[in-house]
Each structure stands twice: as structure tokens, then as C-alpha cells.
2 protein chains.
Amino acid sequence: MNEDQDRLFVTALARGLDVLAAYQAGDRALGNTELAQRCGLPKSTVSRLTYTLCKLGYLSQDESGKYRPAPAVLTLGFAALSGLDLRERAREPMRRLSKETGLSVTLGVRQGTRVVYVETCRALTRVGIRLEVGSTVPLATTAIGRALYMALAPAEQQEVACLLADEYGARWPEVAARLQVAQTTYGETGFCASYGEFEPDIHAVAVPIAGSAPAMAINCSGPAYRLTPARWAEEIAPQVVKLAAQLAV
Amino acid sequence: MNEDQDRLFVTALARGLDVLAAYQAGDRALGNTELAQRCGLPKSTVSRLTYTLCKLGYLSQDESGKYRPAPAVLTLGFAALSGLDLRERAREPMRRLSKETGLSVTLGVRQGTRVVYVETCRALTRVGIRLEVGSTVPLATTAIGRALYMALAPAEQQEVACLLADEYGARWPEVAARLQVAQTTYGETGFCASYGEFEPDIHAVAVPIAGSAPAMAINCSGPAYRLTPARWAEEIAPQVVKLAAQLAV
DNA sequence: TTGAGTTGTTCCGCATTGCGGAACATAATT
DNA sequence: AATTATGTTCCGCAATGCGGAACAACTCAA
């Protein structure tokens with residue numbers, strides 16, 4: 001990218017979206033000062049941005065005058081989801097698998113070095129982090145992230161690896177080694193696994209869905225106490241592999 | 001609002017968000033020309049905006065170079081949802097009600113003259129429009145919309161009525177009359193209904209959740225062939241009323 | 001294959017829009 | 001009451017966003 005291209009970048013838009021993106025899971029209403037700190041912008045700039053976002057309906061103010069995301073933000077995401085044909089096709093089979101196994105079944109897409117869940121069927125007895133449409137998990141240390149990584153072309157894997165190296169810093173060699181192991185295993189078994197690596201008490205296996213655009217992967221996860229890794233590989237993984245094959249485009 | 005306040009409005013941000021909001025349910029990838037038409041902006045402006053949104057990760061380009069919303073848009077919505085305590089509390093009871101009745105149970109919030117769904121438990125045998133987090137339905141002609149309207153203070157009802165009048169134009173008197181009937185009925189029964197008004201084959205009843213902020217309402221809907229309106233009022237509505245009371249803040 | 005039409009991208013001169021420090025108002029705390 | 005913290009608005013400034021035009025690339029029909 002040369003300098004001319006930076007002239008096309010609309011900074012005001014980026015800043016406004018940074019304000020929206022400053023909200024994290026569990027946040028309630030935030031004030032302008034907190035938002036200014038999170039975004040690294042001057043208070044007056046943030047004040048103008050929140051004013052604009054309120055007028056547009058993407059933020060609303062509570063009684064104390066603080067801001068929280070308004071439901072209109074959800075409608076942006078809805079449009080994103082409703083364009084995903086594969087998600088619609090996958091929904092019922094995923095629900096079925098979740099019911100049969102008693103595990104959580106999720107569908108995810110890569111976004112940079114993260115996975116964004118686009119569909120979730122959660123087991124009734126939930127353990128672990130919130131599995132929810134729109135929530136994200138790391139790419140490198142989760143089964144679903146690894147599956148998405150495997151589906152990348154080598155050049156893209158290289159690119160992503162660079163981003164990950166930046167992110168993990170000194171810990172990257174270790175993470176990379178495990179990613180390499182996963183690649184070998186994927187080549188032999190057709191699935192990726194994460195046994196307690198991301199969350200100590202959670203096992204998961206995942207498989208990319210061939211031919212999907214944007215590339216997606218399907219994941220099955222549950223509590224570690226239920227099944228040993230060997231049983232996961234024998235009993236659960238084949239079902240996920242089969243489901244991914246059914247969903248292949 | 002005086003003219004000075006317009007100086008605080010960041011037009012570039014608004015335009016960028018208009019581009020994101022131009023995507024509708026079912027849209028796949030859109031080109032710059034289509035987006036320019038939908039937003040009423042010049043092509044070159046849209047080109048700069050889509051360039052920026054791509055760089056930020058909110059749009060992605062497919063092989064043909066057209067744009068579609070990227071999963072990062074979902075993460076904005078996730079933050080909006082995760083700040084809603086009531087939604088979390090409501091989830092399990094909603095799922096239970098849906099299971100017991102075989103109907104779809106939804107939780108919604110008002111956004112202008114629309115309702116945005118923030119939680120949905122769909123019946124297995126689905127009929128009617130997509131009930132999905134982030135999807136919207138009209139305020140004035142749906143049970144849940146009416147319930148949300150009832151929960152407004154009189155001054156706010158007035159404001160909303162003005163917006164609705166603008167929107168419905170010549171049809172507003174008729175819609176207003178039905179809204180008035182719903183208000184009377186709500187006063188007597190504690191719930192709002194829509195029997196085939198929004199969708200011919202769908203009945204629904206809804207109740208606002210007292211004390212909720214932002215104001216929410218809970219809705220139960222299903223196919224008209226299942227139960228007569230009288231049975232809806234006798235058998236389903238009381239359960240919804242009860243659930244709303246349990247969820248009251 | 002050629003020409004016409006369509007779509008997408010970039011340029012560039014322009015001016016207005018977005019900026020941010022400062023002033024001011026309001027709210028909270030000691 | 002004084003101090004601190006937060007939120008809002010002003011206003012001079014300049015750089016950023018703008019959009020018509022030029023150009024590039026693609027598609028389609030004859």
C-alpha cells in the first residue's frame with residue numbers, strides 16, 4: 001500500500017466504528033471519558049462521535065447520560081448473517097448433532113486472528129465460555145480456529161502466521177509448534193482438536209467445510225470430564241467430519 | 001436542535017454506516033454501484049467508504065470484487081447483546097415456554113418504529129418470517145411492537161405516533177385505530193395480541209416487561225391453525241403474562 | 001473480434017467538514 | 001464549600017472528505 005491509498009481511508013468513519021467496537025462483552029453503559037481512553041481519542045472528538053452515533057440510532061443514552069449500544073447494531077449483524085447460505089443449511093444438522101451428543105456445536109468464520117461464531121447450538125448443560133453468535137475466540141489455540149487455518153491456502157497461512165507471530169511475541173514459537181502438530185494431525189485424521197488447550201476443562205474437535213465461501217468450520221465442544229481425548233477422536237470427531245462433508249459446497 | 005448542533009454531526013461516519021446498513025436480509029455481495037444507488041451517494045464516495053470498511057474488516061470482497069458484510073459486524077452486535085442482563089435471565093424461561101407450547105418465544109426492543117429481536121427461541125415447526133436476533137418487525141402491527149408501545153410514557157407514545165403517522169401516511173388512521181383498540185385491550189387483559197394482522201397465518205401475544213431498561217417485551221407466536229384467538233387469550237397469554245411478571249425488574 | 005456499455009478505481013483541486021484545545025456547564029466527591 | 005471528574009460546545013484552522021472527471025478493467029452483444 002502506497003501513500004496515495006491512505007488518502008482513500010476515511011479516518012472519521014474508522015474512529016466512529018472504533019467507538020462502537022470499544023464495547024466489550026459484559027460492558028454496560030460507558031461514558032465519553034472511558035470511551036476516549038479506550039479509543040485513544042480526545043474527549044471532544046468522542047463526544048461528537050457519540051452524538052452522531054446516537055442520532056443514527058446505534059448508541060442510546062441511559063438515565064445517567066452514559067452510552068450503550070442500541071439494538072440497531074444488531075440489525076447490521078443480521079444482514080451479515082442472512083447472506084450466509086451455508087449457515088442456514090447447517091442449522092438443523094448442527095442442532096441434531098448437539099442433541100445426540102449432548103455437546104455444543106458451533107459454526108465459525110475467520111476474522112483476522114480470531115474466529116467469529118456465526119451459529120451456535122449449545123448443550124443444555126453448558127460449561128465454559130459463552131458460545132454466542134458474534135463472540136470470538138483465538139484462531140491458533142482453538143480447534144475451530146485451527147480448522148479454519150488448515151483451510152487456508154499456503155500463502156494465506158503465511159500471512160496469518162505473521163499476524164499471529166506479532167500477536168504472541170515470545171510465545172509464538174510454542175504456539176506455532178502446536179499449530180504445526182495440528183497440521184500434521186489434520187493431514188492424518190481429517191480433523192483438528194484442542195484438548196484443554198484453550199480452556200482447561202473443555203475438549204473440542206473441528207473440521208473445515210470444503211468449498212465454503214467465506215470459509216467456515218464446524219466445531220463440537222464439551223466438558224473434559226465426559227470423554228477422554230481418545231474417545232473424542234473415536235466417537236465425536238467422525239460425526240463432525242461426516243457433517244462437514246455433508247455441508248461441503 | 002439548532003444549526004450549531006449540526007456542526008457536531010459527523011457526516012462521514014453516518015455515510016459509512018449507511019453503507020453497512022444498506023445490506024438487507026438475503027443480500028449476497030453488492031457492488032459499489034448498487035451501494036451507491038441504495039445510499040444515494042456518488043460512486044467515488046462509496047468506493048472510498050467500502051475501501052475503508054474493508055480495511056477495518058467490516059466488509060470483505062469476494063472473488064468477483066463485490067462486497068459483503070464481514071463477521072466483524074457480528075462482534076459489534078455481540079457487545080450490544082452481552083450488556084443486556086435481562087436477556088440472559090430470560091433465556092431459560094423462554095426456552096421452557098417454547099418447548100411447552102410448541103410456539104416461538106421472542107424478546108424484543110424498540111428501535112424507532114421497529115422492533116429488534118434480541119433473543120429468539122423458535123418452535124421446531126416454524127412458520128412465518130425469520131425470527132432471528134437482529135431481525136426487525138414493525139412496531140404498530142405486531143403484538144410485540146404493541147406491547148413495547150404500551151410500555152412507553154405518554155409523551156414518548158406521542159413522539160412515536162408522529163413517526164408512525166409519517167411512515168404510514170394515508171393508512172395511519174386505520175393503523176392508529178387498531179393501536180387504540182390494542183391499548184384498550186391491554187388495559188383490560190394485560191397483554192397485546194395480533195391475530196393475523198401482521199402475517200395472515202400467524203397469531204401472537206406479547207407483554208412488556210415492567211421496569212426493564214432498555215424497555216423489552218416478550219412475545220409468543222405460532223401458526224393460526226393451531227389455536228383460535230380465544231384459545232390464545234385463554235391458554236397462551238396467561239403464560240406470557242406470568243413470564244413477564246417473573247422477569248420484571 | 002470489436003465496440004459499446006457497465007462497473008470499479010484513482011486523481012486532484014477545492015472547500016467544508018472534522019478536528020481538538022480551551023472554555024464552560026454539570027455532576028460527584030471530599 | 002472547594003475540588004475533582006465528566007460531559008458539552010465553541011471556534012479557528014487545516015487537512016480531510018468530497019465528487020466530477022479521467023482512466024482502467026470487465027462484460028456483453030453484434
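Numbers restart at 1 for each chain; the letters A, B, ... are given by sequence-line order, proteins then strands. All of these numbers come straight from a predicted model, not from anything done at the bench.
- Of the side-chain N and O atoms in B:Tyr67, one or more sit less than 4.0 angstrom from OP1 or OP2 of C:dT9.
- D:dT8 atom P lies 11 Å from atom CG of A:Leu35, rounded to whole Å.
- Atom CG in B:Leu8 sits about 7 Å away from atom P in D:dC10, given to the nearest Å.
- Note on A:Gln61: only backbone sugar-phosphate atoms sit closer than 4.0 angstrom, heavy atoms only; bases stay farther off.
- At a threshold of 4.5 Å between non-hydrogen side-chain atoms, the residues B:Leu164 and B:Val175 do not count as touching.
- If you check every strand for non-hydrogen atoms under 4.0 Å, A:Ser47 touches a base.
- Listed by first then second residue, pairs satisfying side chain to side chain donor-acceptor pair (under 3.5 Å) with a partner in residues 133-143 of chain A read A:Arg114-A:Thr136, not counting sequence neighbours.
- The rotation axes computed at either terminus of the helix from C:dT1-D:dA30 to C:dT30-D:dA1 lie 50° apart, taking five pairs at each end and rounding to 10 degrees.
- No side-chain donor-acceptor contact under 3.5 Å links A:Gln61 to the backbone of A:Lys66.
- A distance-only check finds no donor-acceptor pair linking the side chain of B:Glu167 to the backbone of B:Thr113 [under 3.5 Å].
- Across the protein-nucleic acid pair, A:Asn32 atom CG and D:dT6 atom C1' stand 9 Å apart, rounded to whole Å.
- Between B:Asp85 and A:Arg28 there is a salt bridge, since a side-chain N of the basic residue sits under 4.0 Å from a carboxylate O of the acidic one.
- Using a 4.0 Å cut-off between charged nitrogen and carboxylate oxygen, A:Arg91 and B:Glu132 count as a salt-bridge pair.
- The CD atom of A:Glu34 sits 15 Å away from the P atom of D:dA5 (whole-angstrom rounding).
- Of the residues listed (B:Arg87, B:Arg89, B:Arg95), the one engaging B:Glu119 in a salt bridge (Lys or Arg N to Asp or Glu O under 4.0 Å) is B:Arg87, and it is the only one.
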Pairs under 3.5 Å (N/O, protein and nucleotides 14-20 of chain D):
residue : atom : partner : partner atom : Å
D:dG17  : OP1  : A:Thr11 : N            : 2.8
D:dG17  : OP1  : A:Ala12 : N            : 2.8
D:dG17  : OP2  : A:Phe9  : O            : 3.2
D:dC18  : OP1  : B:Arg15 : NH1          : 3.3
D:dC18  : OP2  : B:Arg48 : NH1          : 2.8
D:dC18  : OP2  : B:Arg48 : NH2          : 2.7
D:dC18  : O5'  : B:Arg48 : NH2          : 3.2
D:dG19  : OP1  : B:Arg15 : NH2          : 3.4
D:dG19  : OP2  : B:Arg15 : NH1          : 3.1
D:dG19  : OP2  : B:Thr45 : OG1          : 2.3
D:dG19  : N7   : B:Ser44 : OG           : 3.2
D:dG20  : O6   : B:Ser44 : OG           : 3.2

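- The distance between atom NZ of A:Lys43 and atom C1' of C:dA23, rounded to the nearest whole Å, is 11 Å.
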Derivation of the side chain to side chain donor-acceptor pair (under 3.5 Å) call for B:Ser82 and A:Asp27: CA-CA 7 Å; B:Ser82 63; A:Asp27 280 344; over 6 Å; no
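- A distance-only check finds a donor-acceptor pair linking the side chain of B:Arg146 to the backbone of B:Ala140 [under 3.5 Å].
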